[in-house]
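Side-chain atoms are counted along with the backbone in the values below, which use heavy atoms only and exclude waters and symmetry mates.
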Amino acid sequence: MSDKNDAKNTTYQKIKGIKGLYKNTTTNKDGKKGVSYYVRLLWRQEGKGYSKWKSLRTDKLSIAKQRAIEAQMRHDAEKGRVNHDLHDVTLRDIYGMYIRDVQGNPDFKPKSKEARVAAAKRLMRAWPEMADRKMSTLSKAECERWVRKVKTIPIGKAPPGTEQEDKLLSSSAINKTIGALKHLTELAITIGVRADDPALRVKRAKERTEKKVNLPSIEEMDKLLVELEHPQPEKILSLEGAQGSTQAEQAESLGISLATFKRHLRKNQKGPKLKAAGEGRNRDAGDCARLLMFTGVRIGEAQRLQWKHVNWTKNQLHIPGTKSNAANRIVPLVPEGRAFLKQLFDEHQPDFESPILRRKNIQKAIDGACERLGLARMTHHDFRHYFITTCVESGIDFKTIAEWVGHSDGGILIGKVYGHLRDQHSQESAAKVSFGQKKPSKVVDFRTG
């Protein structure tokens, strides 16, 4: 039988020095005593007073004292912060308030606003039935179940207009969605819906820092850069070599479609010679790719670069990064990077306040080039990966590379993602080590006469 049924006598003794702390002593019929501690929380509302007894779940006085103090602090905060008129406010209401606060906050950058709103939408999409739940009675267990849904339900929104299905979130997206839940509960506390945070100890997903980086080879990268500057089928440099009497025949002789031929004619109203492919937007796309590849900067950082940020004398580039404290940095220019920037500067003779990039987003151009060459899709960020990979394979230590690319962890992330390249480089280097050993030659014993 339980102690409750065996109980013969129960007494409460007030502990001096700690507000509301009581010692509970229970003696069963066998004379065995049990000790536990409780805290008495006093309420007064509309002229009436009542008390609530809360078990401190310990039989140690030292622990009970600390827990009683914490319980009284939370209770005092709740009495002063909770607005009982907001008892029926739902999660849908809090969600709407949060979205309006984020969108109207001048301290958030547009991308930050977009990310926060997207995370909150994912959260509500994971468990839509919770929208009409009263925020004042939301429990910790419900928050934990909510997070489990976020981790296990495919709520990653597929691109509109595609046949793709929603997919499971990455660990990073999961943690951003959990952050949205905590933002909602914090907002509820701020406006007085409740005093405690039921999502305070919700466990985040373990970040998977080891990313699989699949990049093109040196030969493939060279082809990609050429394709960006001279995209097919617009590689034709002149229409002078066209043969045939009709436009269709001339287009066929050049190996291009009739539509492409006519487009070239429209661009060439002043004479038969076309502007060479690679000039204008196509050349600018190649320049953007080379800048990302030779410096390892993020696309957002590249878009902010101006010629005043290049110090030719010290062979340095000032990168005005904003992502973290380490992002704003001064880095040395690698030889090919300096040569590329010098050629670009000599060609355009820009002002020092002019941006280095003449075309600041080339993702569509990259997509088209990769598709035509049969390469796996690349993004702006993959050129940054390519820079880091080249540095690792060149023997540069992780800490130095981290400083160059604006990582604040001293090279830990680079070691996890690109460590296999260093291992491979080490093995190749070890194979070259020689101690001068030669093949054994024939030994002649002169003692035999």
Side-chain angles (χ1 to χ4, degrees), residues 19-20 39 41-46 48-52 54 66-151 155 169 172-205 322-324:
K19 181 181 178 181
V39 62
L41 306 174
L42 301 178
W43 289 83
R44 180 169 294 276
Q45 188 174 356
E46 297 179 356
K48 298 179 180 180
Y50 61 95
S51 62
K52 177 181 178 181
K54 180 178 178 64
Q66 182 61 35
R67 290 181 179 177
I69 293 173
E70 293 175 355
Q72 286 289 357
M73 290 175 63
R74 288 194 297 269
H75 178 63
D76 292 341
E78 184 175 354
K79 287 193 297 184
R81 290 167 61 184
V82 173
N83 184 349
H84 294 283
D85 294 335
L86 301 177
H87 178 76
D88 294 330
V89 169
T90 65
L91 276 160
R92 191 192 306 276
D93 299 328
I94 296 295
Y95 168 77
M97 295 178 194
Y98 174 71
I99 296 298
R100 289 192 294 272
D101 286 351
V102 168
Q103 293 176 336
N105 193 329
D107 296 331
F108 291 155
K109 295 181 179 179
K111 289 187 177 180
S112 296
K113 293 180 181 181
E114 183 179 341
R116 285 178 175 249
V117 170
K121 287 182 178 179
R122 288 195 300 265
L123 178 68
M124 302 302 287
R125 199 161 59 240
W127 200 355
E129 295 83 0
M130 290 294 288
D132 296 322
R133 182 75 165 79
K134 290 183 180 180
M135 191 70 182
S136 58
T137 57
L138 181 68
S139 66
K140 177 183 176 181
E142 287 175 316
C143 288
E144 291 175 344
R145 286 199 296 272
W146 204 346
V147 169
R148 281 198 295 272
K149 287 179 177 288
V150 169
K151 294 178 179 179
I155 57 176
L169 300 178
S172 176
I174 288 172
N175 288 333
K176 291 177 182 178
T177 309
I178 294 174
L181 173 60
K182 294 186 176 183
H183 289 150
L184 295 183
T185 56
E186 289 169 0
L187 178 58
I189 294 172
T190 301
I191 65 177
V193 175
R194 60 187 300 152
D196 63 319
D197 188 350
L200 183 62
R201 291 182 175 83
V202 170
K203 291 184 179 180
R204 293 163 56 89
T322 59
K323 187 173 183 180
S324 64

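- The shortest non-hydrogen separation linking Thr177 to Ala173 is OG1-O, 2.7 Å.
- Residue Lys176 comes nearest to Ala119 through the heavy atom pair O-CB, 3.6 Å, listed as atom of the first residue, atom of the second, then distance.
- Distance check, rounded to the nearest 0.5 Å: CE of Met130 to CE of Met135 gives 8.5 Å.
- Scanning both residues, Ser51 and Leu42, for their nearest heavy atoms gives CB-CD2, 3.7 Å.
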Leu86/Arg194 under side-chain contact (heavy atoms from CB on, under 4.5 Å): CA gap, chis, key distance, verdict: CA-CA 9 Å; Leu86 301 177; Arg194 60 187 300 152; over 6 Å; no
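- Between the CG atom in Leu181 and the CD atom in Glu186 there is a gap of 9.5 Å [rounded to 0.5 Å].
- Looking only at side-chain heavy atoms (C-beta outward), Leu91 and Trp146 come within less than 4.5 Å of each other.
- Within the structure, every pair that satisfies the salt bridge (charged side-chain N to carboxylate O under 4.0 Å, His left out) test and touches residues 116-137, not counting sequence neighbours, is listed here: Asp88-Lys134, Arg92-Asp132, Arg133-Glu142.
- Separating the CD atom in Glu114 from the NZ atom in Lys109 is a distance of 14.5 Å, to the nearest 0.5 Å.
- Proximity of Thr185 to Leu200: side-chain heavy atoms (C-beta onward) are nowhere separated by under 4.5 Å.
- Side-chain contact between Cys143 and Leu138 is present, with heavy atoms from C-beta onward closer than 4.5 Å.
- By the 4.5 Å heavy-atom criterion applied to side chains, Leu184 and Met97 are not counted as neighbours.
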side-chain contact (heavy atoms from CB on, under 4.5 Å) between Thr137 and His87, worked out: CA-CA 8 Å; Thr137 57; His87 178 76; 4.1 Å; yes
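- With hydrogens and angles disregarded, a donor-acceptor distance shorter than 3.5 Å links the side chain of Asp93 to the backbone of Thr90.
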From CA spacing to verdict: side-chain contact (heavy atoms from CB on, under 4.5 Å), Glu144, Val147: CA-CA 5 Å; Glu144 291 175 344; Val147 169; 5.8 Å; no
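- Tested against Gln72, the residues Arg67, Lys54, Lys19 include a single side-chain contact (heavy atoms from CB on, under 4.5 Å) partner, Lys19.
- Contact detail for Ala126 and Val150: the closest heavy-atom pair is CB-CG2, 3.8 Å.
- Residues Leu123 and Ala180 share a closest heavy-atom pair of CD2-C, 4.1 Å.
- Among residues at least two apart or in separate chains, side-chain hydrogen bond (donor to acceptor under 3.5 Å, both in side chains) pairs with a member in residues 96-107 are Tyr98-His183.
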